[in-house]
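Below, all heavy atoms of this structure are taken into account, side chains as well, without hydrogens, waters or symmetry copies. Only a predicted model underlies this, so the values are computations on that prediction, with no experimental measurement involved. Each ligand, and each atom within it, is numbered from 1 in the order the structure gives. Numbering of residues begins at 1 and proceeds along the displayed sequence.
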Amino acid sequence: MSHRELPEDFIWGFATAAYQIEGAIHEDGRGESQWDVFCNTPGKIADKTSGVTACDSYHQYQQDIDLLKSVGAKAYRFSISWPRIIPLGGRDDPVNEAGINWYVNFVDALLAAGIEPVATLFHWDLPAELNKRYGGPLNKDEFTADFVRYAKVMFEALGSKVKHWITFNEPWCTSILGYHCGIHAPGRCSDRNWSPEGNSATEPWIVGHSLLVAHAHTVKLYREEMKPKFGGKIGITLNGDWVEPWDAKDPADVEACQRKLEFSIAWFGDPVYFGDYPASIRKQIGDRLPEFTEEESALIKGSNDFYGMNHYCANYIRHKDQEVADEDDIAGNLELLFENKAGESIGPETQSAWLRPYAIGFRKLLVWISKRYDHPTILVTENGTSLKAENDLPVDELLQDDFRAWYFQEYIGAMVDARCLDGVNVIGYLAWSLLDNFEWAEGYETRFGVTYVDYEHGQTRHPKKSAKVIGQLFTELTNKA
Ligand code: GBH
């Protein structure tokens, strides 16, 4: 294939997540989510908001589908709210038919519009009851059994309609943000000024382990019971940013870059493709890192039909001189910086403190993943940006989001290069996000949508320039026969 073309069946579209867009948290028998609890805890969400209404997509889903159609999108990634399906969460708890029906209707509406559904089973909204009962993913066996049962219920309801399934969205975020920094639900960490409970040195590693084991058992079930009947594919979505050395001439910084990729990506990727954790993590974390039993290791190895890739930005990495890493270090004993030794910035500021665009990093990371895991099929499940102070703009200016349009042009271009020039097997791309939405601890002040959502006037939707730009780009890229 020559430069700058994508196949006609390239899966492109947009992504969202249930808690960030649905609202309607008390409707149709939905149970309590750990994010309801976290948002109700004073001091946790920047603008003191929650997902109580969000984008109201529970009611306005047809508008969402119309938006997708209007730009020509081929696919839509959404997540399923576990507490809508099994309000208390557990394997012996009642299933809520009304919750299941909502997703069945929604998927039927997507299919009627000619849009392929990509479903995520877990985008962070754990039924709150499971934390109370046994600590959620801190308890591997209970969590795995409950998650597999929930997955089975959804496979049975949607197995004939949904052909791409994602077990967990960004296990790194669940583990680190939820149990190390405590800035996401359930908000646990060692800092007693922030959380009454938690241990930042041990719990993230336990939680990550549980998620991997639950993923493996869910994939086994899908492959045994669903695949023969319906075909379809299943994988896990991992987040990961690119890295450049602070001092490219210092081998310790170059080495630290690899370590950073291993601590953020290979922590989950290596078990999924090789059956065990990277040596660098084992070395630093020692016996705080759980071990896979032989059975678990065999089960988890090879448990991706495709690699779900979320990617946003890049950092400069500088090694630390201290020999022994701090006990609560989770990055690989190094510093993340926005400037290199020469004082050059990695990319422009956005509204998100962690996000600096650096599009060539996307291409480099696609190649890195492709090499490390022997050319897996990659589905980009998220990529996007916020804009500095976008929320303060008058609406007419906000709709002209040139910066976001530029970001997507650069990043999609980098992906096309990775596919066409480097031979990376990327089969799809889902932009984050279809809508401005509840940006977790940052509330609604940070917008990631290609659609402006007017929270003050009935959550009405107004497409931004970037929506059209993405539509045009993919239409061109996929139409060159
Ligand atoms: C995605 O995560 C989420 O899947 C999505 O729900 C969210 O809305 C979207 O990004 C935009 O944020 O706080 O300095 O430790 C993105 C991956 C990785 C980005 C961790 C924030 C936090 C770094 N995230 N990162 S820090």
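With values rounded to the nearest 0.5 angstrom, T16 atom OG1 is found 14.5 Å from F448 atom CZ. Atom CG of N199 is separated from atom CG of L138 by 10.0 Å, given to the nearest 0.5 angstrom.
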Within the protein, flag every N or O under 3.5 Å from an N or O of ligand 1, and note the pair and distance.
from     : atom 1 : to   : atom 2 : distance (Å)
ligand 1 : 2 (O)  : E170 : OE1    : 2.8
ligand 1 : 2 (O)  : E170 : OE2    : 3.1
ligand 1 : 4 (O)  : H123 : NE2    : 3.3
ligand 1 : 4 (O)  : N169 : ND2    : 3.1
ligand 1 : 4 (O)  : E170 : OE1    : 3.2
ligand 1 : 4 (O)  : E382 : OE1    : 3.0
ligand 1 : 4 (O)  : E382 : OE2    : 2.9
ligand 1 : 6 (O)  : Q20  : OE1    : 2.8
ligand 1 : 6 (O)  : H123 : NE2    : 2.9
ligand 1 : 6 (O)  : W440 : NE1    : 2.8
ligand 1 : 8 (O)  : Q20  : NE2    : 2.9
ligand 1 : 8 (O)  : W432 : NE1    : 3.2
ligand 1 : 8 (O)  : E439 : OE1    : 2.7
ligand 1 : 10 (O) : Y312 : OH     : 3.2
ligand 1 : 12 (O) : E439 : OE2    : 2.5

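When ring centroids are compared, F78 and F106 come within the 6.0 Å threshold. Between F362 and H311, the distance from one ring center to the other falls under 6.0 angstrom.
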Worked check of ring pair (Phe, Tyr, Trp, His ring centres under 6.0 Å) between F147 and Y150: CA-CA 5 Å; F147 184 79; Y150 154 60; 5.8 Å; yes

Start with the C-alpha distance between N169 and N310, add both sets of side-chain angles, then the distance that settles side chain to side chain donor-acceptor pair (under 3.5 Å), and finish with yes or no. CA-CA 9 Å; N169 179 68; N310 286 0; 3.1 Å; yes

